[in-house]
Undergrad: 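Quick one: the structure is below, questions incoming.
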Amino acid sequence: MKTRKAKGRSGAQLLQDFGADFPKIESPAKQERAKRLFAERPARGRMVPQAGWAPSWPPVAQYRMTSDQAPVLWPFVAAPGMKPHGAQMGMDWDSRAAFYFDPVGWVLDETMPVNNPNVWIFGSPGRGKSALVKAIIIRMAYFGVRSLIVGDVKDEYEALCRFFGVEPIAIGQGLANRINPLELGPLMVGWESLPTQEQVARCNTVFARWLTLLRGMVGSQKIGRSPVPFGPVEEHAVDYTLKQLTGVADGASMMRPTTITQLWRALDEPSPELIGQLRYSGKQQFIDETRLLRDALGSMVTGALGGLFDQETTIKLDWNAPIVSLSLSRLEGLGEEATGMALLCLNSWARAMREASATGDLRIVVRDECWKQMRLGVDAVKSFDADLRLSRRDGDIQIAIGHKPSDLVSVGDAGSQEAAIAKDLLHLADTKVLLGQDAQVADELEQMLGLGEIARNTVTGWARQERGRALWIVGERMFRVQTILHWLELNLAWTQGALAGAL
Ligand SMILES: Nc1ncnc2c1ncn2[C@@H]1O[C@H](COP(=O)(O)OP(=O)(O)OP(=O)(O)O)[C@@H](O)[C@H]1O
Ligand SMILES: [Mg+2]
């Protein structure tokens, strides 16, 4: 086939015919090619010894799904979770980012689903619960957060106190240290200069605290299986007597300090006014009908704990020290009930010391082995409940340690009031740290904490594979965190001395 040849002039010729030229574009100068920093490698590596050559492709499975479907299959894969404020507590296992602990900061942060700074730590015996708390105390101390150990029942925080240069305070028979749980506390400081309204409000706070303590103390003593009653009559008798003893009933300008011994004696030798107040026909009727109350109070004075919590406080604590600890191991021989009562007294006293705490005086309050107190009965559980509820007001980070969530239910019979209140205590801590648990505990993790299958298996599987691993539940978010202790922290957390010594 014949092809048609193009005829006519080009555009350049056309312009030349009219005496003009096409503008010329300078060709760019030839550039030296920059030297490559990284040499390209084939995906399987170079086939040279020691060069990381792989004979086959890595078996990476590929999935395609939307971003709202992915977290269902991989719930722990998340962006670096915690904002970098507070103490660095370990590594977020999934994102490999640092994991920070700052419960007060979390409450203040609108984007965090956390409403209180309290923490529950659960883990099977020996998993490292106390060690984790010690690490928290040390690492938070750098941020000016002080700690208070209300009742170190195994004396395991003593080494930590000495590390901070603080001498722990031991309480026990034969020692000179006394604590008066009916202490007036810092609310009385500057009393004369307070307006009357404030004085009345503070008086009410002190009396409410005392009644909570005395109710717990009396109610934890048993007749058979029933607790000694502390009803309206007993409450009236105690309240009236305390007001007499402190001078509030006579309109004294300042409350006088009092003790459990004074209260017991005043009830044992009732004044005609007291008998009249309670509308008893005479002294004998008063004596007969308040016998249980008086005996229960008397046991604090003449019983196993006699002399420890029934006199004026003799210890002087330095509240500016980084840590304050009250050791209770000397009471071990007196039985669990005595330890529980001592914890109850210490808690009430510690609450008094924290009333009117200065703004910014952040403190970690540690309740290790708290079930010992809760086993005492419903009033002891209520007292603990009150402490957790007050943490937002006092600026305290309450850390409670238990073995497993069902410990809280076992403080009373199934369906009892104490079991119901104790179960609710779980909701008073928005942060929960679950160290390794045995597989038998899996069901209760699901029922009591609502953990799904993957989170449950994390606690009964992954967290048990190494010490320091835990599932941290912060609000509704979950993190797998590995805490690595510094050798100094390890030395302070070492609690295997007795076992090692037995070998
Ligand atoms: N992250 C960790 N890394 C290495 N060792 C650890 C870690 N955490 C704890 N340990 C060691 O494990 C042992 C037991 O720890 P710890 O006493 O804190 O356990 P616990 O759960 O409080 O036990 P218990 O239930 O008896 O109170 C300690 O000797 C401690 O040194
Ligand atoms: Mg422990």
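Each ligand, and each atom within it, is numbered from 1 in the order the structure gives.
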Undergrad: For atom CD of E476, decide whether the heavy atoms of other residues, nucleotides or ligands shown that lie under 6.0 angstrom number more than 12.
TA: no
Undergrad: I need the contact type for I401 against ligand 1. Using non-hydrogen atoms and a strict under-4.0 Å cut-off, is it side chain, backbone, both or neither?
TA: neither
Undergrad: Please tell me if the side chains of F164 and I137 come closer than 4.5 Å, counting only heavy atoms from C-beta onward.
TA: yes
Undergrad: When you measure from atom 8 (N) of ligand 1 to every protein heavy atom, which one gives the shortest distance, and what is it?
TA: A131 CB, 3.5 Å
Undergrad: Salt bridge or not for R178 and E312, using N-O below 4.0 Å?
TA: no
Undergrad: Between R330 and E158, is there a salt bridge with N-O shorter than 4.0 Å?
TA: yes
Undergrad: Report the nearest protein non-hydrogen atom to atom 1 (N) of ligand 1: residue, atom name, distance rounded to 0.1 Å.
TA: G468 CA, 3.3 Å
Undergrad: Among all protein heavy atoms, pick the one closest to atom 4 (C) of ligand 1 and tell me residue, atom and distance.
TA: L490 CD2, 3.6 Å
Undergrad: Which heavy atom of the protein is the closest neighbour of atom 11 (C) of ligand 1, given with residue, atom name and distance?
TA: R467 CD, 3.7 Å
Undergrad: How far is atom 17 (O) of ligand 1 from its nearest protein heavy atom, and which residue and atom name does that atom have?
TA: T495 OG1, 2.6 Å
Undergrad: Write out the residue and atom name of the closest protein heavy atom to atom 31 (O) of ligand 1, then the distance separating them to 0.1 Å.
TA: A493 O, 3.4 Å
Undergrad: Name the closest protein heavy atom to atom 21 (O) of ligand 1, giving the residue it belongs to and the distance to 0.1 Å.
TA: K129 NZ, 2.8 Å
Undergrad: Out of L492, V153, D368, L485, who is nearest to atom 7 (C) of ligand 1 when you count heavy atoms only?
TA: L485
Undergrad: Tell me the contacting part of K134 for ligand 1: side chain, backbone, both, or neither, using a 4.0 Å heavy-atom threshold, strictly below.
TA: neither
Undergrad: I'd like the name of whichever of G123, G126, S130, G90 reaches closest to atom 22 (O) of ligand 1 through any heavy atom.
TA: S130
Undergrad: Ion pair present between K404 and E444, side-chain N to carboxylate O less than 4.0 angstrom?
TA: no
Undergrad: OG1 of T212 to CZ of F207: how many Å apart, nearest 0.5 Å?
TA: 13.0 Å
Undergrad: Is the closest heavy atom of K154 to ligand 1 under 4.0 Å?
TA: yes
